[in-house]
Amino acid sequence: MKAIHLLCRLEGGRPRNVNKDKATGMVHSGNWDFMPEEAEELVGGWIYLHEKKAEPSYYGEQVTGWYKAQDDTVARTNRIKFIFKPVIEGKNVKWRGQSHVMAWTGGVVKADCPHEK
């Protein structure tokens with residue numbers, strides 16, 4: 001199983017580009033710059049959203065699926081939206097993976113936290 005940590009800034013106290021489907025309770029997050037193969041690798045794994053890499057996650061989810069999205073406001077317009085089920089265990093998880101100044105993601109890492117198994 002895999003996990004990934006992403007920077008997802010809060011705007012007005014809400015995560016940017018994160019929407020909840022009230023009918024299903026599932027959450028959609030995007031528009032992420034991932035290849036479909038990378039997105040597929042995360043199905044069944046975990047996504048953690050962070051305001052800053054130095055702060056623990058404010059949101060964590062188990063990925064149930066993904067779909068292609070288009071974002072014409074950026075150079076690489078082909079994007080990915082993840083579908084997930086938010087869980088309490090996903091909060092307050094420390095950033096793992098790449099942490100250099102320009103990193104917006106830690107990259108795909110092995111899911112080795114106790115709740116990820």
Side-chain angles (χ1 to χ4, degrees):
M1 195 174 307
K2 304 291 183 172
I4 196 162
H5 294 257
L6 302 167
L7 284 181
C8 185
R9 306 281 188 227
L10 298 172
E11 292 179 350
R14 297 179 42 100
R16 187 174 163 221
N17 291 324
V18 175
N19 300 298
K20 185 172 184 176
D21 182 333
K22 292 179 183 177
T24 65
M26 301 303 279
V27 177
H28 298 243
S29 174
N31 300 323
W32 299 106
D33 187 12
F34 286 107
M35 300 297 294
E37 300 80 19
E38 293 171 305
E40 189 62 33
E41 187 177 13
L42 288 164
V43 174
W46 294 79
I47 289 180
Y48 300 97
L49 304 182
H50 298 257
E51 175 77 13
K52 299 176 183 175
K53 290 176 276 213
E55 296 177 0
S57 61
Y58 61 82
Y59 217 48
E61 322 60 48
Q62 192 162 23
V63 181
T64 60
W66 62 274
Y67 56 96
K68 293 180 181 179
Q70 191 78 15
D71 185 348
D72 295 328
T73 66
V74 293
R76 294 176 62 166
T77 59
N78 294 326
R79 298 294 172 133
I80 297 290
K81 286 188 183 257
F82 289 103
I83 305 167
F84 50 82
K85 176 183 174 185
V87 294
I88 193 71
E89 295 88 356
K91 288 187 177 185
N92 297 313
V93 176
K94 185 178 177 184
W95 181 276
R96 293 177 285 175
Q98 300 175 33
S99 61
H100 58 81
V101 174
M102 297 299 290
W104 58 272
T105 175
V108 177
V109 297
K110 182 179 178 185
D112 56 9
C113 289
H115 69 274
E116 295 174 336
K117 298 180 190 282

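Throughout, residue positions are numbered sequentially from 1 according to the sequence presented.
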Tell me the closest heavy-atom pair linking [X] and [Y], and the distance in Å.
X	Y	result
Y67	H28	OH-ND1, 3.0 Å
E116	A3	OE2-CB, 3.8 Å
L6	F34	CD2-CZ, 3.8 Å
V74	D71	CG2-O, 3.4 Å
N31	A69	OD1-CB, 3.7 Å
I80	A39	CG2-CB, 3.8 Å

Sub-4.5 Å side-chain heavy-atom contact between [X] and [Y]:
X	Y	result
C113	E89	no
R79	K68	no
N78	Q70	yes
H5	V93	yes

Check step by step if side-chain contact (heavy atoms from CB on, under 4.5 Å) holds for I4 and E38. CA-CA 10 Å; I4 196 162; E38 293 171 305; over 6 Å; no

Ignoring hydrogens and angles, tell me if any N or O in the side chain of [X] forms a donor-acceptor pair with the backbone of [Y] under 3.5 Å.
X	Y	value
T64	I83	yes
R9	E51	yes
K53	Q98	no
H115	G90	no
E61	W46	no
S57	H50	no

Are [X] and [Y] linked, directly or through other ILVMFWY residues, by side chains that come within less than 4.5 angstrom of each other?
X	Y	result
V27	Y48	no
L42	V87	no
V18	W66	yes
Y58	L7	no
L10	F82	yes

Nearest-0.5 Å distance that lies between atom [atom1] in [X] and atom [atom2] in [Y]:
X	Y	atom1	atom2	answer
K20	S29	NZ	OG	14.5 Å
E40	E37	CD	CD	9.5 Å
I88	Y59	CD1	OH	10.5 Å

Pair D33 + R76, salt bridge at N-O below 4.0 Å: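 Salt bridge flag = yes for R76 with D33.
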
Walk me through whether K85 and M26 qualify under side-chain contact (heavy atoms from CB on, under 4.5 Å). CA-CA 5 Å; K85 176 183 174 185; M26 301 303 279; 4.0 Å; yes

